[in-house]
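Since the structure comes first, as structure tokens, the remarks are kept for the end.
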Amino acid sequence: MDTLNIVEISLARELFYEIEKWCKNRDLMTTHYNHGWKPLSPNENILVNRDYTLNFCLQQTKIDNFNQGTGKTYYKIVRSGRPVTKYGRNNEEKNIKRLKDNTPSFDQMVYPIINEYQHQIRKIKRR
């Protein structure tokens, strides 16, 4: 399957946390952003958390509805990495080389997901 035109994959919670754990165990994360709660509509707020590697991002998006007291969280792997920042994680020279050598590309990450975990894919967004 051609993965070059895939921008992001929405995943089941279990698979997302498995990928996140795999990345953290290998110390592949470069930066983390919590964008804080923002209004989405008159009754809803949105919170976006992103953990970046050099080649891809693990994103959690939570939407809460005030009137109904309900919320939903979406889990994605996104084709967008971030370099190591001066004050980010793994910012020493030896870690930067290790990250470049050991961080899989987005395509290397999603190919097994598409082939082996289809039942845990919610949606594939293409260009």
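Below, all heavy atoms of this structure are taken into account, side chains as well, without hydrogens, waters or symmetry copies.
Under a hydrophobic-cluster definition in which Ile, Leu, Val, Met, Phe, Trp and Tyr are linked whenever side-chain heavy atoms come within less than 4.5 Å, directly or via other members, Val78 and Phe16 are assigned to different clusters.
When the salt bridge (Lys or Arg N to Asp or Glu O under 4.0 Å) test is applied to Lys97, the partners found at least two apart in sequence or on another chain are Asp101.
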| field | Derivation of the side-chain contact (heavy atoms from CB on, under 4.5 Å) call for Ile121 and Lys123 | value | CA-CA 6 Å; Ile121 293 175; Lys123 180 178 165 186; 5.9 Å; no

| task | Tell me, with the steps shown, if Gln120 and Glu14 meet side-chain contact (heavy atoms from CB on, under 4.5 Å). | result | CA-CA 8 Å; Gln120 294 192 49; Glu14 298 79 18; 4.0 Å; yes

| Check against salt bridge (Lys or Arg N to Asp or Glu O under 4.0 Å), Asp27 and Arg98 | CA-CA 10 Å; Asp27 202 19; Arg98 179 187 56 79; 3.5 Å; yes

| Under the side-chain contact (heavy atoms from CB on, under 4.5 Å) criterion, do Leu58 and Met29 qualify, and how do the steps go? | CA-CA 10 Å; Leu58 298 174; Met29 301 302 188; 3.7 Å; yes

| query | Run the side-chain contact (heavy atoms from CB on, under 4.5 Å) check on Ile124 and Val110 step by step: do they pass? | reply | CA-CA 10 Å; Ile124 296 177; Val110 301; over 6 Å; no

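Counting only residues at least two apart or in different chains, salt bridge (Lys or Arg N to Asp or Glu O under 4.0 Å) contacts with residues 103-112 comprise Arg79-Asp107.
Annotation: Phe106 is not in aromatic contact with Phe56 [ring centroid separation under 6.0 Å not met].
Between Tyr33 and Tyr52, the ring planes are perpendicular. Angles over 60° get that label, and only those under 30° would be called parallel.
The shortest side-chain heavy-atom distance between Lys76 and Ile9 does not fall under the 4.5 Å cut-off. Counting heavy atoms from C-beta on, the side chains of Ile63 and Leu40 come closer than 4.5 Å. Within the 4.5 Å cutoff, no side-chain heavy atoms of Thr3 are placed close to those of Gln108.
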Pair up each side-chain donor or acceptor in residues 42-49 with any protein partner under 3.5 Å, not counting sequence neighbours, and list the distances.
residue, atom, partner, partner atom, Å
Asn43, OD1, Asn67, ND2, 3.0
Glu44, OE1, Ser41, OG, 3.3
Asn49, OD1, Asn34, ND2, 3.1

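Under the 3.5 Å distance criterion, with hydrogens and angles disregarded, a donor-acceptor pair is assigned to the side chains of Gln59 and Thr61. A donor-acceptor contact closer than 3.5 angstrom is absent between the side chains of Arg127 and Asn5.
Summarising the local packing, CZ of Arg13 is surrounded by 12 or fewer heavy atoms from other residues, nucleotides or ligands at distances under 6.0 Å.
Once rounded to the nearest 0.5 Å, the distance linking CZ of Arg50 with OG of Ser80 reads 7.0 Å. Separation of atoms CG (Asn55) and CG (Leu99) is listed at 9.5 Å; rounding is to 0.5 Å.
At least one test fails for Lys21 against the ring of Tyr17: distance under 6.0 Å to the centre or angle within 45° of the axis.
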